[in-house]
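Keep in mind that this is a model prediction, so the values were computed, not measured.
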Amino acid sequence: MNMTTDKPTSERTTGGCLCGSVRYSFGGAPLLTAICHCRNCQRQSGSAFGIVAAVAEADFDLQGETRTFHDSSDSGRTVARVFCPACGSPILSTIEPMPGIMLIKAGTLDDPRGLHPAIEVYCDRALPFLPALAGTERHAGSNI
């Protein structure tokens, strides 16, 4: 999963795991930022939902050792969940229906404050105390 680009580091967005063993960068703004309320994202994040920023694999650079847990979506498609084996931080996911896209776990970005989720999926599984996020397109499930 080591992809490199010729863009200067100063123009790239960076992130990494809790212990610092895994670092990554990508150029440009995320293609999309989404919130997932499915049970597997809840479990993986240890929270009420997962937030991902979609970036092109061709412009993504990953350094450090990672491990991958192969999960399945409701439709039976493979979800590869990549994490740091040292500290357990989830780093990214890839999904079969979106080849060439890396779904970066937003909490691992060095500065996630500029993200604005546009979509929420699996809202039928959202924890009941969570209000709808203003300005997002909401879907009860997902076609992934």
Side-chain angles (χ1 to χ4, degrees), residues 1-123 125-126 130-144:
M1 233 181 259
N2 281 334
M3 306 292 163
T4 57
T5 68
D6 54 5
K7 286 191 176 187
T9 303
S10 62
E11 294 180 25
R12 298 179 65 78
T13 300
T14 58
C17 68
L18 183 61
C19 72
S21 295
V22 176
R23 295 293 300 161
Y24 64 81
S25 68
F26 60 89
L31 305 170
L32 173 76
T33 301
I35 292 174
C36 183
H37 296 279
C38 82
R39 285 297 295 141
N40 288 5
C41 282
Q42 291 170 350
R43 286 185 176 109
Q44 185 191 36
S45 70
S47 188
F49 49 81
I51 304 175
V52 295
V55 302
E57 181 178 15
D59 197 26
F60 181 77
D61 180 46
L62 177 71
Q63 287 115 22
E65 179 187 351
T66 60
R67 294 237 172 103
T68 303
F69 174 73
H70 294 281
D71 193 3
S72 293
S73 68
D74 286 351
S75 65
R77 293 179 172 141
T78 299
V79 178
R81 296 180 182 273
V82 178
F83 62 96
C84 172
C87 67
S89 295
I91 303 297
L92 64 90
S93 292
T94 60
I95 54 178
E96 282 183 59
M98 296 176 72
I101 299 296
M102 313 301 264
L103 300 173
I104 307 299
K105 303 303 179 173
T108 65
L109 289 166
D110 289 339
D111 186 3
R113 292 176 295 170
L115 295 179
H116 300 284
I119 189 169
E120 291 183 72
V121 296
Y122 289 109
C123 292
R125 299 178 192 175
L130 291 174
L133 186 63
T136 60
E137 181 181 308
R138 294 175 54 86
H139 298 274
S142 175
N143 63 352
I144 294 176

Margin query: Tell me the closest heavy-atom pair linking V79 and S72, and the distance in Å.
Written below: CG2-C, 4.4 Å

Next item on the list: Identify the two heavy atoms, one from S25 and one from T14, that lie closest to each other, and give their separation to 0.1 Å.
Entry: CB-CG2, 4.0 Å

Checklist line | Side chain to side chain, T33 and H116, heavy atoms closer than 4.5 Å | finding: no

Next item on the list: Show your reasoning for whether side-chain contact (heavy atoms from CB on, under 4.5 Å) applies to C17 and I91.
Entry: CA-CA 7 Å; C17 68; I91 303 297; 3.7 Å; yes

Margin query: Please determine whether side-chain contact (heavy atoms from CB on, under 4.5 Å) holds for the pair V82 and R67, giving the CA-CA distance in whole Å, both sets of side-chain angles, and the decisive distance to 0.1 Å.
Written below: CA-CA 6 Å; V82 178; R67 294 237 172 103; over 6 Å; no

Check: What orientation do H37 and F49 show, parallel under 30°, tilted 30 to 60°, or perpendicular over 60°?
Finding: perpendicular

Notebook entry, point to check: Under the salt bridge (charged side-chain N to carboxylate O under 4.0 Å, His left out) test, which residues partner R138, sequence neighbours left out?
Noted result: E120

Next item on the list: Report yes if some heavy atom in the side chain of H139 is under 4.5 Å from a heavy atom in the side chain of I119; otherwise report no.
Entry: yes

Note to self: I'd like to check C84 versus C19 (side-chain heavy atoms, cut-off strictly below 4.5 Å). Are they in contact?
What the structure shows: yes

Notebook entry, point to check: Does any non-hydrogen side-chain atom of L62 lie less than 4.5 Å from one of F26?
Noted result: no

Next item on the list: Looking only at non-hydrogen atoms, find the nearest pair between Y122 and S142 and report the distance.
Entry: CE1-CB, 3.4 Å

Item checked: Closest contact, heavy atoms only, T68 versus A80 -> CG2-CB, 3.8 Å

Margin query: Quick one, R81 with K105, criterion side-chain contact (heavy atoms from CB on, under 4.5 Å). Give me CA distance, side-chain angles, the key distance, then yes/no.
Written below: CA-CA 10 Å; R81 296 180 182 273; K105 303 303 179 173; 3.8 Å; yes

Margin query: Counting neighbours of CG on L130 that are heavy atoms of other residues, nucleotides or ligands and sit closer than 6.0 Å, is the number greater than 12?
Written below: yes

Margin query: When you measure from the side chain of T136 to the backbone of P117, do you find a donor-acceptor pair of N or O atoms at a distance under 3.5 Å?
Written below: no

Next item on the list: For the pair L103 and L92, evaluate side-chain contact (heavy atoms from CB on, under 4.5 Å) and give the outcome as yes or no after the intermediate values.
Entry: CA-CA 5 Å; L103 300 173; L92 64 90; 5.8 Å; no

Check: Taking only residues two or more places apart in sequence or in another chain, which ones pass salt bridge (charged side-chain N to carboxylate O under 4.0 Å, His left out) with R39?
Finding: none

Notebook entry, point to check: Can you check whether D59's main-chain N or O pairs, donor with acceptor, with R12's side chain at less than 3.5 Å?
Noted result: yes

Check: Which distance, rounded to the nearest 0.5 Å, do you find between the CZ of F69 and the OG of S93?
Finding: 11.0 Å

Next item on the list: Flag the pair L32 / I101 as yes when at least one side-chain heavy-atom distance between them is below 4.5 Å, and no otherwise.
Entry: no

Note to self: What's the separation between atom SG in C41 and atom CD1 in I35, rounded to the nearest 0.5 Å?
What the structure shows: 11.0 Å

Notebook entry, point to check: R125: what forms a salt bridge (charged side-chain N to carboxylate O under 4.0 Å, His left out) with it, not counting sequence neighbours?
Noted result: D74

Next item on the list: Decide, yes or no, whether a salt bridge links D110 with R23 under the criterion of side-chain N to carboxylate O below 4.0 Å.
Entry: yes

